[in-house]
Novice: 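This is the structure I have questions about; it appears just below.
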Amino acid sequence: MGLHVYNTLTRAKESFQPLVSNRVSMYVCGPTVYNYIHIGNARPAIVFDMVRRYLTYLGYEVTYVSNFTDVDDKIIRAAEETGEDVEQLAEKFIAAYHEDTEALGVQKADLHPRVMKTMDDIIAFIGRLIEKGYAYEADGDVYFKTHSFQGYGKLSDQSVDDLQAGARIEVGEKKQDPLDFALWKGAKSGEIAWDSPWGKGRPGWHIECSAMVKKYLGDTIDIHAGGQDLAFPHHENEIAQSEALTGKTMANYWMHNGYIKVEDEKMSKSLGNFILVHDIVRQFDPNVVRFFMLQSHYRNPINFSDELLQQAKSSYSRIGTFIRNAKHRLELSADLGEPANWQDTINGFRDRFIREMNDDFNTPNAFTVVFDFIKEANRYLENDHSSKRVLQEMLSLLKEWEEVLGVQFEQEEEVLDETIEEWIEKRNEARKNRDFKEADRIRDELQEKGIVLEDTPQGTRWKREN
RNA sequence: GGCGGCAUAGCCAAGUGGUAAGGCACGGGUCUGCAAAACCCUGAUUCCCCGGUUCAAAUCCGGGUGCCGCCUCCA
């Protein structure tokens, strides 16, 4: 079975067929840069980074675009508060975004377009929508005529009538209809603004993505992704704008990640119950955070707490422990004959992993495969003798998986401290003489320095306690 | 009011018709001078509740309960 992807548009898993074989175009809605990102913002970054990595692993050439919203009410407000200039503030949080996501193993997009730098395209896009009769100018603002687009609501499965009935916003003086939404907002005095055929102003929120997708990826793309809460209205509006203009399908696959909850409530900036990536990575290894996120399926909600992260940490360290132990063994093992079927066993695990990932990126099950493999490999280490080649192949399979999941299993191992080796030697001398008191003393002393010793039939190995 | 999601062991979490994966924690055992790591064994007669369909349901259908989200800025 090839790759199947859950498509929000059809509410079903579909066989994945890109527009051009071997190539995938992918657009992920990025953050509004007015603050440091919280772990809820980090989820789509991590999840779709994993999607990108897996597609790459399958051999696709992926073009990945993710925007920064750097012009918006919240940024303007934040800039007013700090007295900074809007652009400076945006720059600062863009840099912070890159720093935070990089720590979490997220690769940079091929392109990170910004609203400020896409202004001409946005204005042109709006202009053409007016020309085609899908939008109208109203006193310095421009609105999209929602009713004019057939199929509005198809992504979120809402009928225009129901939306109309449920619309809470009162009919703005300028809007012709409550469902219409802003493409261009006329500037209030003193605000940052750009010239346009409709006067000074700035773009509405949704139009930037439509313009960027079209400019950088084309009229129709393979995958468009973002958080579940963007499905409506943001993505719905994007579809309306783009498809009204081009008459073509905007994206073939729409993917949405579930959100992160704190005490069973959605984590969001507006609720104030958020945890910044900046802060959490000081408490936990970022790899643990990423592992934690990928241990749930990307579409399911995740609860977040220290306790759960602690659990994830224990779980995660099982993999690193194996790698360390296997490497210790590798140094000592000769090239003895390998078990006849090891190649098949390893290939079997690789295939299982792919099968799970092919099922709509089922990373929880992919980790089950990893753990099953670790168990099998640990059994192999129980043997008196091991083959170098088998050990190396086991380690390289884990490397392969690391690359796909973006989680580093192996802790950065500091350069071997000479004195630790000396202590170990001294202790082993004591053990040989059955002076266990001295041996334990040395072990305790090292323990206090965070060094844990483990005696094995193949000699003493050590690790740093984390 | 409209649309959608979730409910599986102490905790986390897969599983969408064939008789409950995996991880963490707990207990017993093996190994060890003692540990650690690892391995082995043990845990839901049962998947929120009540009906129904079926040879067979956690999985399908009907009803109910609880929780959550979107419909307004939001990943």
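Chain letters run A, B, ... following the sequence lines, proteins first, then strands; residues in each count from 1.
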Novice: So which nucleotide does B/U32 pair with, by the Watson-Crick or G-U wobble rule with both distances under 3.5 Å?
Specialist: none
Novice: Taking the six-membered ring for Trp and the full ring for Phe, Tyr or His, determine whether the centres of A/His234 and A/Phe181 are under 6.0 Å apart.
Specialist: no
Novice: Quick one: is A/Lys266 getting a side-chain N or O under 4.0 Å of the B/A75 phosphate, OP1 or OP2?
Specialist: no
Novice: Give the intermediate values and the outcome of salt bridge (charged side-chain N to carboxylate O under 4.0 Å, His left out) for residues A/Arg443 and A/Asp440.
Specialist: CA-CA 5 Å; A/Arg443 186 168 58 186; A/Asp440 288 349; 3.4 Å; yes
Novice: For B/C40 and A/Lys375 - does any side-chain N or O of the residue sit under 4.0 Å from the phosphate oxygens OP1/OP2?
Specialist: yes
Novice: Send over the distance from A/Phe367 CZ to B/A14 C1', rounded to a whole Å.
Specialist: 14 Å
Novice: Name the pairing partner of B/G1, where a pair is Watson-Crick or G-U wobble with both distances under 3.5 Å, or state none.
Specialist: B/C71
Novice: Considering just the side-chain nitrogens and oxygens of A/Asn378, establish if one lies under 4.0 Å of OP1 or OP2 belonging to B/C39.
Specialist: yes
Novice: For atom P, what is the distance between B/A56 and B/G52, given to the nearest Å?
Specialist: 12 Å
Novice: Rounding to the closest angstrom, what is the interatomic distance between B/C6 and B/A37 at atom C1'?
Specialist: 38 Å
Novice: If the C1' atom of B/U59 is compared with that of B/C3, how far apart are they to the nearest Å?
Specialist: 24 Å
Novice: Expressed in whole Å, how much space separates the P atoms belonging to B/C47 and B/C60?
Specialist: 15 Å
Novice: Within less than 4.0 Å of OP1 or OP2 of B/C39, is there a side-chain N or O belonging to A/Arg318?
Specialist: yes
Novice: With distance as the sole criterion, is a donor-acceptor pair present between the side chains of A/Arg350 and A/Asn347 under 3.5 Å?
Specialist: yes
Novice: What heavy-atom pair brings A/Arg329 and A/Ser386 nearest, and what distance separates the two atoms?
Specialist: NE-OG, 3.4 Å
Novice: With rounding to whole Å, what would you report as the distance between B/G17 and B/C12 at their C1' atoms?
Specialist: 27 Å
Novice: OP1 or OP2 of B/C34 less than 4.0 angstrom from a side-chain nitrogen or oxygen of A/Arg443, does that happen here?
Specialist: no
Novice: Evaluate the salt bridge (charged side-chain N to carboxylate O under 4.0 Å, His left out) criterion for residues A/Asp141 and A/Lys174: first the C-alpha distance (whole Å), next the side-chain angles of each, then the deciding distance (0.1 Å), finally the verdict.
Specialist: CA-CA 8 Å; A/Asp141 291 352; A/Lys174 300 179 187 174; 3.3 Å; yes
Novice: Ignoring the backbone of A/Gln158, work out which of B/A75, B/G2, B/C6 is nearest its side chain.
Specialist: B/G2
Novice: Please determine if a side-chain N or O atom of A/Asn303 lies less than 4.0 Å away from the OP1 or OP2 oxygen of B/A13.
Specialist: no
Novice: Between B/U45 and B/G2, how many Å separate the two P atoms, rounded to a whole number?
Specialist: 38 Å
Novice: Starting the side chain at C-beta, find the nucleotide from B/A75, B/C39, B/C71 nearest to A/Arg379.
Specialist: B/C39
Novice: For the side chain of A/Leu163, counting heavy atoms from C-beta on, which of B/A38, B/C71, B/C24 is nearest?
Specialist: B/C71
